[in-house]
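Worksheet for the structure shown next.
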Amino acid sequence: MNDFEYDVLVVGAGNAAFSAAHAAREEVARVGVLEKAPAAELGGNSYFTLGSFRATYGGLDDLRPLLDELDEREAASYDLDPYPAESFAADMLRLTRGRTDPTLMRILVENSFSTLQWLRRHGIRFKLQSDNQVFEVDGRKKFWGGGTIATVGGGIGLIEQHLNAAKSTGIDVRTEHQMTGFLIGPGGAVEGVVCRTPQGERQIRARAVVLAAGGFEADARLRATYLGPGWDTAKVRGSRYNTGEALMSALDIGAQAYGNWSGAHAVAWDINAGQYGNRVLTNKLQRHSYPFGITVNVEGSRFVDEGADFRNYTYAKMGAAILRQTGGLAYQIFDQRGAGLLRTDYGHDGASRVEAATIRELAELLDLNADRLERTVAAYNAAVGDRPFNPTILDGLAATGIEPPKSNWAQPIDQPPFIAYPVGCAITFTYGGVRVDADARVLDQGDQIIPGLHAAGEVVGGLFYDNYPGGSGLMSGAVFGYRAGKSAARHSRDRG
């Protein structure tokens with residue numbers, strides 16, 4: 001048959017989608033990418049990220065060939081511990097409480113570094129995360145928490161580089177094409193999609209389709225339905241176009257729902273941010289330095305162990321903890337000791353910030369009960385231990401005998417002026433999706449392959465439950481995007 005418009009058609013235009021398109025284009029000639037958003041808003045959630053990729057490596061020498069540039073004099077001052085497959089796998093198992101799909105998890109872990117090398121060959125540029133993932137201790141700059149490498153230009157740079165690579169190889173990228181359903185051929189094989197466009201409904205035929213259009217995080221109704229009460233009020237960290245049509249269309253044709261459908265990646269976010277992601281500030285609206293202060297609710301009480309683990313292992317569940325508080329509102333409080341450890345994101349123009357000479361004055365400016373906040377801070381300060389402080393390790397400097405405790409990095413809040421950052425919840429992506437096999441082929445409810453349908457990125461369920469290691473989302477999008485693109489190309493050739 002020669003009436004197929006594409007050999008492989010990819011739905012979505014973020015990191016996972018472009019990874020699938022690049023992989024398919026290595027094998028077949030006609031590859032298309034369909035994006036729901038207009039051209040000015042292309043990029044999905046990937047655009048709004050820091051561009052961090054979690055991957056295995058043996059040390060800095062492994063990473064050097066990937067890096068766009070490296071100041072060797074500065075590099076001599078770095079301490080960068082190896083991050084082997086065993087550590088990545090252990091982080092996945094620990095943070096998901098053992099629920100991560102073991103096959104998908106091993107594919108992610110064992111293919112992470114080689115996928116970075118493959119992305120680099122496609123023009124994706126990387127750098128060390130030496131701005132927000134390094135602390136200086138005893139004259140050495142120490143990377144911590146497995147967050148080591150990111151794309152040059154963050155998420156904006158990542159999408160620009162993907163798009164340039166797609167254009168250079170003749171991948172056809174169409175915007176303002178909203179998928180509304182599938183074209184099904186003989187035997188139930190997927191043979192394209194139906195789209196709503198400014199010119200009306202279109203049918204686009206393809207020998208194989210890759211779904212990489214994100215989850216349902218931007219749809220308030222679906223959030224309330226699957227995540228639960230209150231989630232309809234959450235802000236959206238990224239794209240306003242990830243409203244789940246592609247995912248729901250897959251379920252409609254019998255794809256198996258899989259993974260943590262009541263779970264999501266959600267972060268602490270500037271309370272005055274807009275409802276959807278800001279394409280200028282992108283990730284700068286995040287507030288991730290809570291391990292070095294305390295976080296209180298509108299009652300002036302602490303409600304979370306701010307030092308339970310490295311930020312990279314707790315930030316994705318912090319948004320949900322805030323959403324559960326009265327009004328979905330909280331305040332991160334720092335003294336001058338903690339203020340010196342804040343991530344660069346806190347310093348952008350327009351950041352919501354309140355400063356005062358005393359805790360009582362701070363409470364009054366925040367419209368909190370001043371007596372309650374003073375008691376909270378005094379009880380916390382009295383509970384702080386006397387171990388050495390070290391932000392690059394789980395230092396055991398705890399505040400105990402209070403509820404909740406603070407397990408690490410518990411320094412007193414006693415050096416004025418005091419600073420508070422009001423924060424709310426912003427959802428990044430949803431964890432529930434469709435089930436895929438090792439080749440990223442979508443499975444039906446009987447674990448049988450749906451011919452011609454493949455998936456990657458947020459639309460795939462089973463990897464993340466309740467929590468998430470920072471940087472593993474972009475990495476999984478690339479790993480399974482690669483596999484989905486290759487598998488779709490094979491299916492396309494088989495049909496020819």
Side-chain angles (χ1 to χ4, degrees), residues 8-12 14 16-17 19-20 24 34 36 44 99-101 103-105 107-108 178-195 203-219 221-223 225-227 242-264 429-465 476-477 479-481 483-492 494-495:
V8 174
L9 180 63
V10 182
V11 180
S19 296
L34 300 184
K36 175 183 176 183
R99 295 188 181 99
T100 184
D101 182 293
T103 299
L104 300 183
M105 183 269 285
I107 290 170
L108 168 62
Q178 178 182 345
M179 176 188 162
T180 59
F182 290 100
L183 298 175
I184 306 297
V190 171
E191 294 189 344
V193 300
V194 180
C195 290
Q203 295 186 357
I204 302 177
R205 289 174 55 75
R207 296 179 188 276
V209 172
V210 177
L211 285 189
F216 57 85
E217 57 272 3
D219 187 298
R221 178 182 62 88
L222 291 177
R223 291 200 306 270
T225 299
Y226 290 105
L227 304 183
N242 283 16
T243 49
E245 292 93 345
L247 173 56
M248 298 304 164
S249 293
L251 298 181
D252 287 344
I253 64 166
Q256 182 180 159
Y258 193 51
N260 185 196
W261 275 76
S262 61
F429 69 92
T430 46
Y431 291 155
V434 297
R435 188 167 196 168
V436 299
D437 68 4
D439 290 319
R441 297 176 294 185
V442 176
L443 303 179
D444 67 14
Q445 296 176 18
D447 290 337
Q448 300 300 304
I449 294 164
I450 298 177
L453 185 58
H454 311 75
E458 296 173 7
V459 76
V460 171
L463 273 170
F464 308 120
Y465 287 76
S476 66
V479 166
F480 288 98
R483 297 175 86 85
K486 292 296 186 185
S487 180
R490 286 195 299 271
H491 180 83
S492 174
D494 291 342
R495 287 189 63 103

For this session: Check each of Ile204, Leu183, Val442, Val190 against Val209 using the side-chain contact (heavy atoms from CB on, under 4.5 Å) test, and report the only one that passes.
Result: Val190
Mark yes or no for whether [X], through its side chain, and [Y], through its backbone, hold a donor-acceptor pair below 3.5 Å.
{"X": "Ser487", "Y": "Arg483", "answer": "no"}
{"X": "Arg207", "Y": "His491", "answer": "no"}
{"X": "Ser492", "Y": "Val8", "answer": "no"}
{"X": "Arg223", "Y": "Glu217", "answer": "yes"}

Exercise. What orientation do Phe464 and Tyr431 show, parallel under 30°, tilted 30 to 60°, or perpendicular over 60°?
Worked result: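 Plane angle between 30° and 60°, so tilted.
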Inter-residue atom distance [X].[atom1] - [Y].[atom2], 0.5 Å rounding:
{"X": "Lys36", "Y": "Thr180", "atom1": "NZ", "atom2": "OG1", "result": "11.0 Å"}
{"X": "Leu247", "Y": "Ser249", "atom1": "CG", "atom2": "OG", "result": "8.5 Å"}
{"X": "Ile107", "Y": "Asp439", "atom1": "CD1", "atom2": "CG", "result": "7.5 Å"}
{"X": "Phe480", "Y": "Leu463", "atom1": "CZ", "atom2": "CG", "result": "5.0 Å"}

Indicate the atoms forming the closest heavy-atom contact of [X] with [Y], along with that distance.
{"X": "Pro451", "Y": "Gly188", "result": "CD-O, 4.2 Å"}
{"X": "Glu191", "Y": "Pro186", "result": "OE2-CD, 3.8 Å"}
{"X": "Gly477", "Y": "Ser19", "result": "O-CB, 4.2 Å"}
{"X": "Ala456", "Y": "Ala484", "result": "CB-CB, 4.3 Å"}
{"X": "Gly215", "Y": "Thr430", "result": "CA-OG1, 3.5 Å"}
{"X": "Gly214", "Y": "Glu458", "result": "CA-OE1, 3.5 Å"}

Problem set entry | From CA spacing to verdict: side-chain contact (heavy atoms from CB on, under 4.5 Å), Leu251, Val434 | CA-CA 8 Å; Leu251 298 181; Val434 297; 4.2 Å; yes
Exercise. If you measure only the distance, is there a donor-acceptor pair under 3.5 Å linking the side chains of Glu245 and Thr243?
Worked result: yes
Problem set entry | Which residues share a salt bridge (charged side-chain N to carboxylate O under 4.0 Å, His left out) with Asp437, sequence neighbours left out | Arg441
Problem set entry | Worked verdict on Phe216 versus Thr225 for side-chain contact (heavy atoms from CB on, under 4.5 Å) | CA-CA 11 Å; Phe216 57 85; Thr225 299; over 6 Å; no
Exercise. Which is it for Leu453 and Leu211 under the side-chain contact (heavy atoms from CB on, under 4.5 Å) test, yes or no, and what are the steps along the way?
Worked result: CA-CA 7 Å; Leu453 185 58; Leu211 285 189; 3.9 Å; yes
For this session: Just do the side-chain contact (heavy atoms from CB on, under 4.5 Å) check on Val436 and Leu104 with the steps written out, would you?
Result: CA-CA 9 Å; Val436 299; Leu104 300 183; 4.1 Å; yes
